[in-house]
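A, B, ... follow the sequence lines: proteins, then strands. Residue 1 opens every chain. Keep in mind the model is a prediction, meaning the values are calculated, not measured.
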Amino acid sequence: MALEINGKRYETDPEGYLTDLNAWTPDLARAMANNEGITLTDEHWEVIRFLREYYREYGIAPSVRMLVRTIGERLGQDKAKSYYLYQLFPEGPAKQACKYAGLPKPTGCV
Amino acid sequence: MLVNRKAPHGTIYALEALEVALVAGVFDQDVSVVFTDDGVYQLTRNQDTQVIGTKNFSRSYRALEDYGIRKLYVEQESLQARGLATSDLVVLVQVVDAKRLGELMDQQDVVLSF
Amino acid sequence: MAMLHTINKSPFERNALDACLRIATPGGSVLLIEDGVYAAIRGTTVADKVSTSMKRLSFYALGPDLHARGYSEAQLIDGVQVVDYSGFVDLVVNHESVQAWL
């Protein structure tokens, strides 16, 4: 499977997750989101950036609990709720945000 | 309790056990992870799998804490037999002797073996 | 709480038997299956280890696996009990938990 964006081809798995983390570009994230009717805001980017940093460090996606805690620390405790993340990423923060971040589908994905 | 007895890259056991631990952590289970026999090699520092083309999941053990998993046990006899010390490992662990490990195992509701 | 330990590897190829005997607490049971049944045979270099451990652990061997490898009950170390598949199930049911020494 593959995605074509601005004439560039990106290999993905059958569920649309990028197969090569390093092939990721912000344009790709925007295009993936647009395809699903989402316009990425600063709040979305904060989550996507954190997911990519965490993956580089640990080789896996963070747990939702970890994601909620970190977002709270960076963006304020009023945003430290999984509800907030689900507003940004209605299909689930792990599943959808990881896809836009160019990560593989997370283990124990919720 | 998950019991790891295999070295990390020769078979798929270690990676599978890690994934099971992460899933159990996501579902708020009270997880203990044991490293004994060659399982202690899963935690050694400076693993580099780039050339063999497999995932270097050794750094993922440091994420276990984020998944709510804090009970990591390494068997002393296995560590010593391989010339290793806790300073050679990527995570903080509790070192227990074989006798204590047996007792911990007895207390578990479920033991998953890898 | 008594635990059942299963061993399915030959004691001459892997350390599963040694690891089990090192860590298992007294009162538990050891069931030898597949290539693990070679540890139940009399006259081998591991037989002493098994005999000595009988003071604290009960030993069983799976009959079909023994017979498949050409051994009979008469060739077993004294004290090793032979079970069939339903005996295997009974052992699992009658112990608190199971550790498989793979």
Side-chain angles (χ1 to χ4, degrees), chain B residues 1-8 10-18 20-21 24 29-42 71-84 93-114, chain C residues 1-39 46 48-50 52-62 65 88-102:
Chain B
M1 173 180 276
L2 280 69
V3 181
N4 283 291
R5 295 185 52 245
K6 301 267 193 281
T11 66
I12 197 71
Y13 285 97
L15 180 57
E16 291 288 324
L18 177 63
V20 170
Q29 299 299 299
D30 178 10
V31 183
S32 307
V33 187
V34 171
F35 300 89
T36 183
D37 295 311
D38 279 355
V40 301
Y41 284 131
Q42 294 175 25
K71 296 176 186 167
L72 305 181
Y73 302 105
V74 169
E75 193 213 9
Q76 193 171 24
E77 287 85 340
S78 300
L79 201 60
Q80 276 171 358
R82 287 159 185 77
L84 296 169
V93 295
Q94 291 184 57
V95 178
V96 295
D97 63 16
K99 182 171 178 293
R100 177 71 189 132
L101 179 53
E103 290 162 5
L104 288 167
M105 219 178 250
D106 280 356
Q107 294 163 11
Q108 306 297 316
D109 292 331
V110 180
V111 179
L112 299 178
S113 320
F114 294 91
Chain C
M1 276 187 280
M3 201 165 176
L4 176 65
H5 301 266
T6 66
I7 297 175
N8 73 337
K9 298 294 190 301
S10 162
F12 307 105
E13 194 206 352
R14 305 283 186 90
N15 72 342
L17 176 70
D18 287 330
C20 172
L21 297 183
R22 190 173 73 233
I23 294 168
T25 55
S29 303
V30 178
L31 171 61
L32 304 166
I33 60 175
E34 301 167 26
D35 286 347
V37 299
Y38 292 118
V46 303
D48 272 356
K49 201 154 39 185
V50 171
T52 315
S53 305
M54 279 184 191
K55 281 182 266 189
R56 51 191 193 93
L57 297 163
S58 309
F59 281 81
Y60 302 86
L62 191 64
D65 284 334
F88 187 162
V89 175
D90 289 339
L91 283 171
V92 172
V93 172
N94 293 326
H95 288 79
E96 292 291 331
S97 58
V98 181
Q99 154 70 1
W101 298 91
L102 301 171

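The side-chain heavy atoms of B:Met105 and C:Thr25, taken from C-beta on, include no pair separated by under 4.5 Å. A heavy-atom distance below 4.5 Å is not found between the side chains of B:Asp106 and C:Glu96. Taking 4.5 Å as the limit, every side-chain heavy atom of B:Leu101 sits out of range of all side-chain heavy atoms of C:Arg22.
Nearest heavy atoms, C:Leu102 versus B:Ser113: CD1-O, 3.4 Å. Scanning all heavy atoms of the two residues, the minimum distance from C:Ala16 to B:Arg5 falls at CA-NH2, 3.5 Å.
To the nearest 0.5 Å, the span separating CG on C:Asp18 from CG on B:Asp37 amounts to 9.0 Å. Interatomic distance, CE of B:Met1 versus CD of C:Gln99, reported as 9.0 Å (0.5 Å rounding).
Put simply, of B:Arg100, B:Glu75, B:Lys6, the one with the most heavy-atom pairs under 4.5 Å next to chain C is B:Glu75. Here B:Val111 is the residue among B:Thr36, B:Leu112, B:Val110, B:Val111 with the most heavy-atom pairs under 4.5 Å with chain C. The choice from C:Ser97, C:Gly28, C:Ala100 that makes the most heavy-atom pairs within less than 4.5 Å of chain B is C:Ala100.
For a residue to count as touching a neighbouring chain, one of its non-hydrogen atoms must lie under 4.5 Å from one of that chain's; by this rule B:Asp109 touches chain C with the backbone only. For a residue to count as touching a neighbouring chain, one of its non-hydrogen atoms must lie under 4.5 Å from one of that chain's; by this rule B:Phe114 touches chain C with the backbone only.
With a 6.0 Å radius and a threshold of 12 heavy atoms from other residues, nucleotides or ligands, B:Tyr13 has its OH atom at or below the threshold.
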